[in-house]
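Let me begin by presenting the structure, written as structure tokens, before commenting on it.
Each chain gets a letter, A, B and so on, in the order its sequence line appears, and its residues count up from 1.
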Amino acid sequence: MSQVRVRFAPSPTGFFHIGSARTALFNWLYARHTGGVFILRVEDTDQTRNSEEFLNLIYNSLRWLGMNWDEGPGIGGDFGPYRQSERSAIYKEYLERLKAAGRTYEKDGALFFKISGEPQVIEDAIRGRVERTEEKDFVIVRSDGNPVFHFVNVVDDIAMKVTHVIRGEDHLSNTSKHTELFKAFGAPLPIYAHIPLILKQNGPGKMSKRDQGALIEEYQNRGFLPEALVNFLCLLGWSPKDDREKLPIEEVIRLFDLPGINQSNARFDEKKLSHMNMGYLHAMAPDACFAFARDFLAKRKVFGENAPEDAYLREVVLLCQPKIRSFEDLPGFIGYFFSDDYAIDQKAREKVFSKGDPKVRLGELVAALPAADFATDAALEALVQQLAASHGASTGDYIHPARLALSGTPVGPSFYGLLRVLGRDRVTQRLQRFLATA
RNA sequence: GCCCUCAUCGUCUAGCGGCUAGGACAGCGGGUUCUCAACUCGUUAACCGGGGUUCGAUUCCCCGUGAGGGCGCCA
């Protein structure tokens, strides 16, 4: 068996979306699984809708998701060029072959392909035998002289020696046009694998560029982790056949195969993606987590002119890491670490003041601060426990009002970590301010 | 309208003739003598319908129904 050659062939006529990304991913996975070649080919024959900006978006998104291509723009290869807009000489040559075989005719200024009308049968790697008969001749060159998708797509697959065509099910009905052309050129058919489509999370139909949450760029901007998005995409239409879900990409590559792909469409579920992202985020090593967070906060311009010191920011980020689902949550989660100007949640305040003597407890805590050891969470925990024991109170009697006073909110990271990271001065000052105004 | 594909919890899926139909997300309930969006334990919830084939169908076949896609001088 010769080497597997697959291609991802996007057209730069719109933003890069989830469905395209997964098609690319399945091609990439299959290439890596088989030790084959992953080709990137740009289908930019629609000159009125192409844009260089969209093309760059595709390159960037593929790289961000970790899908490196072996042949294609920027890399080269033996079967280039890899942009269809630069391959007109090749199309002309193939067109001549069709003309010479008497398989074309002109009408209304456009060039039509004469179909055979024979039933076209493919053995789809995912769906099995699929038969369809093409009924009408179709245009292969527009009246403006530009060849159309069906023609260039097949010509390039022949010329680039593509062995497996892995694409969305929306192309299944088009396949009879393509096999007609392959046969007209006397070329062997590739192995087809039509993967199920991704349906929009709400409402009918497949996901499109216009749908909420459809764009890859959006997840990048929102601080999602590419590994999480890739893992999620792998599970949309494919599974390892056991109960594992969070899988390293190497493991997916090892297990991935065409017959293991589902036949039915899958609905996109952002909640599950969010959960997957959280799993990856919580597992990040401290250095990586901090680096990602700092970069993300800078892009978001969260601190404006006054960027905090790295050492302090790092403590804050690592303290909050186990509590957030996405870096997107970070700005709203850490504000009070960097500003004394935060609002006190009124509901939480009522709850705190509804029982016991919160002001007395806070007073005791403030009094203990000058001698407290702020070096470790454990030392601070011991302090609060000692305080509680000696005053016949519970640790919660200190923690709840103190958390509210220090952060304004009833939810947040570990309390002792909160004390440690804020530090003695901030804690003292904030508690005193709270007591003075409460 | 014609053609193609698909059909297990709300969602993603495991199952490839005999299972108490499993897992995950979401939901719900409890725990966590520090909250919680984190963690943890538990729990609700599914084989689209009708015919066959078979000793036996979620599983195989047919017909409905439903869902999705294609039928461009878009890709």
Enumerate all atom pairs, one protein N or O and one N or O from nucleotides 61-72 of chain B, separated by less than 3.5 Å.
residue : atom : partner   : partner atom : Å
G68(B)  : OP1  : Gly205(A) : N            : 3.0
G68(B)  : O2'  : Asn265(A) : ND2          : 3.0
G69(B)  : OP1  : Lys206(A) : N            : 3.1
G69(B)  : N2   : Ser173(A) : OG           : 3.0

With no angle test and no hydrogens, is the base of U35(B) tied to the side chain of Lys351(A) by a donor-acceptor pair under 3.5 Å? no

So, Arg129(A) and Asp124(A), do they make that salt bridge, N to O below 4.0 Å? no

Closest non-hydrogen contact found for Ser143(A) with Asp108(A) is CB-O, 4.0 Å

Protein proximity profile, nucleotides 21-30 of chain B - base contact B, sugar-phosphate-only contact S, no contact -, cut-off 4.0 Å on heavy atoms: -BBBSS----

Salt bridge flag under 4.0 Å for residues Glu134(A) and Lys136(A): no

Cationic tip of Arg222(A) above Phe224(A) ring, under 6.0 Å, 45° of axis: no

Apply the test side chain to side chain contact (heavy atoms under 4.5 Å, CB included) to residues Phe292(A) and Leu281(A): give CA-CA distance (whole Å), side-chain angles for both, the deciding distance (0.1 Å), then the verdict. CA-CA 10 Å; Phe292(A) 196 107; Leu281(A) 196 163; over 6 Å; no

Side chains of Gln201(A) and Asp269(A): any donor to acceptor distance under 3.5 Å? no

Pair partner, G72(B) [Watson-Crick or wobble, under 3.5 Å]: none

Validate the cation-pi geometry between Arg314(A) and Phe337(A): distance from NZ or CZ to the six-membered ring centre under 6.0 Å, angle to the ring axis within 45°. no

Between Tyr342(A) and Tyr336(A), how do the two ring planes meet: parallel, tilted or perpendicular, split at 30° and 60°? perpendicular

